[in-house]
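Notes for the one structure printed next.
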Amino acid sequence: MAKGIAKRSEDYSRWYTDVIAAAKLADYSPIKGCMVIRPNGYALWERMQAALDKMFKETGHVNAYFPLFIPESFMKKEAEHVEGFAPECAVVTHGGGKKLEEPLIIRPTSETIIWSMYKKWIQSYRDLPILINQWANVVRWEMRTRLFLRTTEFLWQEGHTAHATAEEAEQETLKLLDVYTRFAKDYMAIPVIRGVKTEREKFAGALRTYCIEAMMQDKKALQAGTSHNLGQNFAKAFDVTFQDERGNLDFVYATSWGVSTRLIGAIIMSHGDDEGVIMPPKLAPIQVVIVPIWKSETEKNLILQRVEQLSIEWNGRFSFHVDEREGYRPGWKYNEWEQYGVPIRIEIGPKDLEQNHVILVRRDTQEKQSVEIGILTTTLEKTLDAIQMNLYKRSLKFREENSFYVDDYSEFKKQIEDPSGFFWLHWCGSPECENRLQEETKATIRCIPIDDNVCKEKGRCVICGGESNERVIVAKAY
RNA sequence: CGGGGCGUAGCGCAGUCCGGUUAGCGCGCCUGCUUUGGGAGCAGGAGGUCCCGAGUUCAAAUCUCGGCGCCCCGACCA
């Protein structure tokens with residue numbers, strides 16, 4: 001049925017790129033490693049931005065914009081930070097036809113330029129907290145790229161906050177992790193596991209990195225968002241101090257947090273099927289598409305008129321599109337909208353008008369049902385909710401079916417290859433064991449789960465047999 | 001950066017080994033007619049620096065040399 005889309009079971013990565021092409025979400029650009037986000041993809045991103053932006057504002061944040069260019073010397077001020085990012089930085093050496101005195105780095109992230117400004121803005125505890133977010137593009141020179149998941153340039157939001165106390169910074173870090181968790185669940189319909197990154201996997205320059213991890217349909221893990229407690233690292237690097245109520249001078253505490261267009265990849269790989277992408281209703285640019293069916297001009301007018309009447313009460317309740325195009329047959333349209341992932345399709349033709357009903361087709365289950373026109377609007381609303389819920393439940397079930405507790409290393413080595421999935425393992429906490437794990441299995445410790453996901457219990461490190469107090473999640477990752 | 005594959009119409013490809021008509025096919029596109037409830041049919045038509053450069057030759061998409069680009073798989077990463 002789906003022309004030009006590889007089957008997930010046969011070639012998952014091919015399926016992924018096929019689906020993006022079929023849905024017209026993105027295209028390869030003439031620049032290596034960079035993609036063009038096409039209108040269908042950008043419309044989705046705009047919906048995501050709108051929802052996230054609202055959540056940021058509700059938690060007290062404001063938007064601002066900082067420059068694309070960062071003086072090279074700024075990047076070098078925080079030791080771990082520069083080490084982490086240097087290999088993937090793009091550097092501008094010339095401008096205005098002349099060699100620059102100091103090379104400019106195209107931001108891979110904005111901590112340094114922002115903290116250079118915070119230094120100017122912060123003197124007293126009265127200036128704190130600063131809760132700024134920015135929507136921007138960043139560049140990280142990647143060796144291997146994949147549409148949405150890893151491209152040289154990508155779009156994201158990065159929050160950068162400044163606080164008077166360590167506790168407040170930690171609270172902020174967790175608060176945003178919570179925002180991301182809710183966004184993943186309520187909007188993207190993706191269940192995530194919340195956790196802390198290991199020393200090795202944390203953000204370069206952070207004290208501690210929290211993350212949300214999601215399982216894709218190929219059972220690999222995708223980091224879907226990160227929130228960093230930066231402690232006083234950047235304040236020290238940029239000498240940002242403030243006076244507290246008692247006149248004592250201290251360095252400012254910082255956080256940063258971000259999600260990117262990578263989340264579009266997460267949506268594709270969490271919900272898509274062999275026919276194409278499936279947009280979660282809460283984020284779908286078009287939630288309902290109407291395909292009118294006619295044979296004659298008279299019929300066409302009649303049907304479109306009826307659709308017009310029906311849709312009056314839809315305005316403001318959900319987004320819809322009437323596909324009136326001539327020259328395409330209904331079947332062709334069905335397929336196109338399926339590939340675009342529109343959650344609900346309504347078919348309405350002469351037979352339906354006679355019987356005063358329409359055909360409603362769910363994208364997630366492919367289920368067809370006949371709906372009386374009198375209850376159509378409420379049915380549509382209910383069905384959109386049901387699809388949103390079903391996508392989430394389906395993903396959660398999939399993750400649970402592919403998560404395993406394993407206590408034997410050789411058993412793990414076997415199972416990570418087949419069936420693969422998320423493995424809850426005991427780990428002693430040593431970097432040596434962590435490195436060995438990756439070298440020998442290509443899998444990594446995705447996170448040490450926290451709160452509702454936590455699994456505190458005594459055990460023995462699967463690698464060295466050392467003591468362990470909790471299980472960590474190990475998986476192959478994107 | 002290592003391994004593999006590829007570059008010919010908008011897309012996907014054949015032709016290249018073994019040089020030789022006007023470079024072809026499928027999809028898409030344009031026009032017209034018939035169609036329209038799961039990717040329509042017929043007829044006509046438009047569209048090419050055969051990745052670039054140099055060389056060999058009477059003659060190069062095809063052979064030789066050099067370059068460039070892209071995709072896939074690994075090491076690094078949101």
Side-chain angles (χ1 to χ4, degrees), chain A residues 1-6 11-14 16-18 21-22 27-34 83-89 108-109 137-158 180 197 200-204 209 211-214 221-228 256-266 275-276 291-297 299-300 303 323-339 345-355 357-359 361 366 368 370 438-439 442 444 446 476-478:
Chain A
M1 250 251 271
K3 278 188 189 167
I5 298 180
D11 189 341
Y12 193 80
S13 54
R14 177 74 184 278
Y16 178 75
T17 47
D18 285 351
D27 202 355
Y28 296 99
S29 77
I31 298 95
K32 183 179 162 67
C34 293
E83 201 183 313
F85 281 103
E88 45 185 311
C89 283
T109 180
N137 59 337
V138 285
V139 166
R140 297 181 186 178
W141 215 259
E142 298 291 348
M143 300 182 194
R144 252 194 80 202
T145 56
R146 295 196 68 190
L147 294 174
F148 291 115
L149 298 177
R150 176 162 301 106
T151 48
T152 297
E153 179 189 12
F154 58 94
L155 305 183
W156 77 346
Q157 64 59 220
E158 48 180 326
Y180 291 154
K197 285 291 184 191
R200 208 185 73 139
E201 300 274 330
K202 72 168 196 193
F203 176 75
T209 291
C211 63
I212 52 174
E213 296 280 333
L222 184 81
Q223 180 175 304
T226 48
S227 185
H228 316 290
S256 72
W257 27 273
V259 296
S260 71
T261 39
R262 165 178 254 206
L263 292 182
I264 294 175
E275 313 299 323
V291 179
I293 297 151
W294 63 74
K295 286 196 173 70
S296 64
E297 210 40 38
E299 273 180 0
K300 181 186 171 184
I303 303 237
D323 188 352
E324 310 179 11
R325 285 176 299 176
E326 300 272 3
Y328 293 97
R329 307 172 91 220
W332 195 92
K333 293 178 180 177
Y334 299 166
N335 280 287
E336 182 170 51
W337 294 111
E338 264 163 22
Q339 291 185 339
R345 177 176 77 242
I346 298 291
E347 307 172 10
I348 176 162
K351 289 181 214 162
D352 303 303
L353 276 196
E354 273 173 38
Q355 297 163 44
H357 71 202
V358 302
I359 303 296
V361 188
Q366 304 280 24
K368 277 194 184 192
S370 161
Q438 183 181 14
E439 277 161 29
K442 306 283 181 219
T444 48
R446 298 320 304 152
K476 292 191 178 176
Y478 276 99

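Reminder, nothing fancy here: chain letters follow the sequence lines and each chain counts from 1.
- Listed by chain and number, the residues in a side-chain contact (heavy atoms from CB on, under 4.5 Å) with A/Glu88 are A/Phe85, A/Arg140, A/Glu142 (sequence neighbours excluded).
- Remark: A/Arg146 is not positioned above the aromatic ring of A/Tyr478, lacking an NZ or CZ atom under 6.0 angstrom from the ring centre and at most 45 degrees off the axis.
- In terms of polar N and O atoms assigned as donor or acceptor, the side chain of A/Glu338 comes within less than 3.5 Å of the base of B/G38 in a complementary pairing.
- Pair assignment for B/A43: B/U31, on the basis of Watson-Crick or G-U wobble contacts that are both within less than 3.5 Å.
- Residue-to-nucleotide contacts include no donor-acceptor pair under 3.5 Å from the side chain of A/Gln366 to the base of B/G38.
- Base pairing analysis places B/C18 opposite nothing; no Watson-Crick or G-U wobble pair with both distances below 3.5 Å involves it.
- Salt bridge present: A/Lys197 and A/Glu213 bring a charged side-chain N and a carboxylate O closer than 4.0 Å.
- For A/Trp141, there are no ring-ring contact (aromatic ring centres under 6.0 Å, His included) partners two or more places apart in sequence or in a different chain.
- No more than 12 heavy-atom neighbours from other residues, nucleotides or ligands sit within 6.0 angstrom of CZ on A/Arg14.
- The partner of B/G55 is B/C63, judged by Watson-Crick or G-U wobble contacts that both fall below 3.5 Å.
- Across all strands shown, B/C25 pairs with B/G12; the Watson-Crick or G-U wobble distances both stay below 3.5 Å.
- With sequence neighbours excluded, the residues that form a salt bridge (Lys or Arg N to Asp or Glu O under 4.0 Å) with A/Glu201 are A/Arg446.
- Distance CH2 (A/Trp332) to C1' (B/G38): 13 Å, rounded to an integer number of Å.
- Listed by chain and number, the residues in a side-chain contact (heavy atoms from CB on, under 4.5 Å) with A/Lys351 are A/Gln355 (sequence neighbours excluded).
- When the P atom is compared between B/C51 and B/A9, the two are found 8 Å apart, to the nearest whole Å.
- Taking a pair to require two hydrogen-bonding distances under 3.5 Å in either a Watson-Crick or a G-U wobble arrangement, B/C76 remains unpaired.
- Using N1 to N3 plus N6-O4 or O6-N4 for Watson-Crick, or N1-O2 and O6-N3 for G-U wobble, each under 3.5 Å, B/U36 pairs with nothing.
- Rounding to whole angstrom units, CG of residue A/Leu222 and C1' of B/A78 are separated by 8 Å.
- B/C6 and B/C13 have their C1' atoms separated by 12 Å, with the value rounded to a whole Å.
- Judged as a salt bridge (Lys or Arg N to Asp or Glu O under 4.0 Å), and not counting sequence neighbours, the contacts of A/Lys368 are A/Glu347.
- At a threshold of 4.0 angstrom between heavy atoms, the contacts of A/Lys333 with the nucleic acid are absent.
- Between the P atoms of B/U62 and B/G55, the separation comes to 14 Å (whole Å).
- Across the protein-nucleic acid pair, A/Gln223 atom CD and B/A78 atom C1' stand 6 Å apart, rounded to whole Å.
- Across the strands present, B/C6 finds its partner in B/G69; the criterion is a Watson-Crick or G-U wobble pair with both atom distances under 3.5 angstrom.
- One can place CG of A/Leu353 at 16 Å from P of B/G37, the figure rounded to the nearest angstrom.
- For the C1' atom pair drawn from B/C1 and B/A75, the interatomic distance equals 9 Å after rounding to whole Å.
- For A/Tyr334, the side-chain atoms get nearest to B/G38 when compared with the rest of B/A78, B/G38, B/G39.
- Between B/C71 and B/C25, the two C1' atoms lie 24 Å apart (nearest whole Å).
- Partners of A/Tyr28 under the side-chain contact (heavy atoms from CB on, under 4.5 Å) rule, at least two apart in sequence or in another chain, are A/Thr17, A/Leu147.
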Taking only nitrogen or oxygen atoms into account, show me every contact under 3.5 Å that the protein makes with nucleotides 8-12 of chain B, one pair per line with its distance.
none

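- The same atom, C1', is picked in B/G3 and in B/G48; the two are 34 Å apart, to the nearest Å.
- Partners of A/Lys300 according to the salt bridge (Lys or Arg N to Asp or Glu O under 4.0 Å) rule, which considers only residues two or more places apart in sequence or in another chain, are A/Glu326.
- Separating the C1' atom of B/G12 from that of B/A54 is a span of 31 Å, rounded to the nearest Å.
- Between A/Arg345 atom CZ and B/G39 atom P there is a gap of 12 Å when expressed in whole angstrom units.
- Regarding A/Glu336, its CD atom lies at a distance of 10 Å from the C1' atom of B/G39, rounded to whole Å.
- Across the interface with RNA chain B, nearest-nucleotide mapping of A/Thr151 and A/Pro350 shows A/Pro350 to be the residue nearer the 5′ end.
- Between A/Ile346 atom CD1 and B/G38 atom C1' there is a gap of 16 Å when expressed in whole angstrom units.
- Side-chain atoms of A/Thr152 and A/Thr145, non-hydrogen and from C-beta on, do get closer than 4.5 Å to each other.
- Rounding to the nearest 0.5 Å gives a distance of 7.0 Å between CD of A/Glu336 and CG of A/Asp323.
- Counting to the nearest Å, the C1' atom of B/A78 and the CH2 atom of A/Trp156 are 7 Å from each other.
- Base contact: A/Ser260 has a heavy atom under 4.0 Å from a base atom.
- Between B/A46 and B/C30, the distance separating the two P atoms is 15 Å to the nearest Å.
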Collect all protein-nucleotide pairs involving nucleotides 31-36 of chain B in which both atoms are nitrogen or oxygen and the distance is under 3.5 Å.
{"residue": "B/U36", "atom": "O2'", "partner": "A/Trp294", "partner atom": "O", "Å": "3.3"}

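- Judged as a salt bridge (Lys or Arg N to Asp or Glu O under 4.0 Å), and not counting sequence neighbours, A/Glu153 has no contacts.
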Using a 4.0 Å cut-off on protein heavy atoms (strictly under), produce a 5'-to-3' string for nucleotides 71-76 of chain B with B for base contact, S for backbone-only sugar-phosphate contact, and - for none.
-> S-SBB-
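- Scanning for side-chain contact (heavy atoms from CB on, under 4.5 Å) contacts around A/Thr226 gives A/Thr209, A/Cys211, A/Gln223, A/His228, with sequence neighbours left out.
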